[in-house]
Amino acid sequence: MNQNIDKLYKIAQKEERLIIGLMSGTSMDGLDVALCKFRGSGGDTEVSIVAFETVGFDEDIKDEIRKVFAKSTIEFQQLCVLNPWIGNLHAEIINDCLKKWNISANNVDLIASHGQTVFHAPKILHGLEKFPNATLQIGDGDHIAVKTGIITFSDFRQKHCAAGGEGAPLAVYGDYLIFSKRDENRILLNMGGIANFTYLAGNLDANEVFATDTGPGNTLIDAYVKKHFGLPYDEDAKIAKTGTVNQDLLTALKSNDFFSKPLPKTTGPELFNLQYLKNAQEKSQTLELSHEDILATLCRFSAETIAEAILQFLKNSPLGQAGGIYGSGGGVHNPLIMSNLRELLPNFDFQKTDDLGISGDAKEAVLFATLANEAIAGGRTDFGSRKGVPSVSMGKISFPN
């Protein structure tokens, strides 16, 4: 037997596994690195965070990614060289974190790398009849494995597309395995660049799990603040809170047919970008609005589309109301979005995933570590045949040698 296959087999048999989960989202703030300890798999999964760090990207890294990010026309060489470059960058960050944590790479069983999304193209967005759902994440797993010496799982979203999904949201799998609780219906709401939610039924039936994107989370807000204020984000919504929601602009922002398409569905910055905002301003004749009013309106836009998607799902679902909404992602740190959500969803109890034992900032990295744990030790959970949640194991394997 090949020594790498033998090692993988032995890891799968272990009572405990140490897995590093990596996540870099569409905001491109940096790389989340979560060292997780796993016991069991499937519905018996137990996970704890041993160490966690978010390593910020400097502007040079962001600028290189932006040359190809969410653009329909790019210089192909840039994409080609970015793939190994991002892989090497992530490997360097992992090695630095392990040194800081005083943990040997030999003690880490696996790395689970989401990679850097550069384009998301589900069929509902690209509209090309003969082509399937597609998505592209870069940051080559082989480079990570070789540079760290650790077996690496990567490129998770391709299997989801191959099995009929849109490549997102993948949080549904980890949400179900980690956060389900008997007799308590829950909604796990993640507000990154794009917002999505997972519904978990209190009967613990995987067939009743549901997940969908809702539209923008922080992507429009962050892009606008960067362009007009030179800041990475509007900290504590300090700018937006001084503005007033403009109803005409809000109506125009919500007029895209994405919002009338049936659930589940996915989207990305390929649709929700500054050109989208400009088009809505032109349509609503609000080009002269103040920056503050625009940001207030964008916060309301995110909140209303999230709330409306949740209510739409529950209206058409026989599962009843959810007991609580547990938030994660950058959006939970935006008090204006959160106050809008509480106003729009007054019958729900809002908490954070931190209250369930997993930091909201680390949650997505932990979820990809969970996917790797399932790929090697689980893979027996049946999510049924519904659209958007295929019952598949995900992740391509890269060996260090």
Side-chain angles (χ1 to χ4, degrees), residues 8 10-25 31-54 94 97-98 101 103 105 107-114 148 150-154 156 160 169-182 184 186-190 192 196-202 204 206 209 211 324 326-329 332 351-381 383 389 391-395 397:
L8 204 58
K10 289 176 179 176
I11 292 171
Q13 306 304 308
K14 295 174 70 171
E15 289 190 7
E16 289 187 348
R17 287 170 288 278
L18 274 180
I19 303 176
I20 291 176
L22 304 180
M23 181 65 196
S24 177
L31 184 67
D32 295 333
V33 185
L35 178 62
C36 307
K37 181 181 292 185
F38 284 89
R39 292 181 65 90
S41 63
D44 297 322
T45 300
E46 297 177 11
V47 58
S48 60
I49 300 175
V50 178
F52 174 71
E53 182 110 4
T54 296
I94 292 167
C97 284
L98 290 175
W101 298 333
I103 294 173
N107 294 328
V108 178
D109 294 303
L110 305 170
I111 293 169
S113 174
H114 169 266
T148 62
I150 303 169
I151 296 172
T152 299
F153 283 65
S154 64
F156 291 89
H160 196 268
L170 297 192
V172 55
Y173 299 93
D175 284 345
Y176 172 75
L177 297 173
I178 297 173
F179 296 114
S180 292
K181 182 179 180 182
R182 183 166 294 282
E184 182 182 335
R186 291 174 168 176
I187 285 178
L188 278 293
L189 172 62
N190 182 66
N196 60 73
F197 73 85
T198 302
Y199 180 91
L200 303 173
L204 305 186
V209 174
Y326 295 88
S328 62
V332 300
Q351 300 182 58
K352 296 181 180 180
T353 56
D354 303 59
D355 300 312
L356 301 177
I358 298 293
S359 161
D361 294 330
K363 180 190 171 216
E364 287 198 281
V366 173
L367 292 179
F368 280 93
T370 305
L371 290 181
N373 186 64
E374 275 299 289
I376 191 173
R380 294 176 294 275
T381 303
F383 289 92
V389 195
S391 299
V392 291
S393 293
M394 289 167 276
I397 305 171

Worksheet entry | Over 12 foreign heavy atoms within 6.0 Å of NZ, Lys181 | no

[X]: partners by side-chain contact (heavy atoms from CB on, under 4.5 Å), with sequence neighbours left out:
| X | result |
| --- | --- |
| Leu8 | Leu110, Ile151, Phe153, Ile376, Ile397, Phe399 |
| Lys37 | Glu16, Leu18, Ser48, Val50 |
| Glu46 | Arg39 |

Fill in: Val47 and Asn373, any side-chain heavy atoms less than 4.5 Å apart
no

Worksheet item: Do Thr54 and Leu31 come within less than 4.5 Å of each other through their side chains, counting heavy atoms only?
Response: no

Discussion item. Taking salt bridge (charged side-chain N to carboxylate O under 4.0 Å, His left out) as the definition, give me every residue that meets it alongside Asp32, ordered by chain and number, with sequence neighbours left out.
Written reply: none

Worksheet item: Quick check: does any side chain N or O of Glu374 sit under 3.5 Å from a backbone N or O of Gly42, one acting as donor and the other as acceptor?
Response: yes

Discussion item. Donor-acceptor check, side chain of Thr45 to backbone of Ile178, threshold 3.5 angstrom: yes or no?
Written reply: no

Shortest non-hydrogen contact from [X] toward [Y]:
| X | Y | answer |
| --- | --- | --- |
| Leu204 | Ser180 | CD2-CB, 3.8 Å |
| Thr148 | Ala105 | O-CB, 3.7 Å |
| Ala377 | Arg17 | CB-NH2, 3.5 Å |
| Ala211 | Thr198 | CB-OG1, 3.9 Å |
| Tyr326 | Lys352 | CD2-O, 3.6 Å |
| Phe156 | Ala372 | CE2-N, 4.1 Å |

Donor-acceptor contacts under 3.5 Å from residues 360-371 side chains, at least two apart:
residue : atom : partner : partner atom : Å
Asp361  : OD1  : His333  : NE2          : 3.0
Lys363  : NZ   : Asp175  : OD1          : 3.1
Thr370  : OG1  : Val366  : O            : 2.9

Discussion item. Pair Val389, Tyr173 - check side-chain contact (heavy atoms from CB on, under 4.5 Å), show working.
Written reply: CA-CA 8 Å; Val389 195; Tyr173 299 93; 4.0 Å; yes

Response to the item:
One should read off an interatomic distance between Asn196 CG and Leu189 CG, to the nearest 0.5 angstrom, of 7.5 Å

Discussion item. Using 0.5 Å steps for rounding, measure from the CG atom of Leu188 to the CD1 atom of Ile358.
Written reply: 11.0 Å

Practice prompt. List the steps and the verdict of side-chain contact (heavy atoms from CB on, under 4.5 Å) for Leu22 and Val33.
Written response: CA-CA 5 Å; Leu22 304 180; Val33 185; 4.0 Å; yes

Worksheet item: Under the ring pair (Phe, Tyr, Trp, His ring centres under 6.0 Å) test, which residues partner Tyr176, sequence neighbours left out?
Response: Phe383

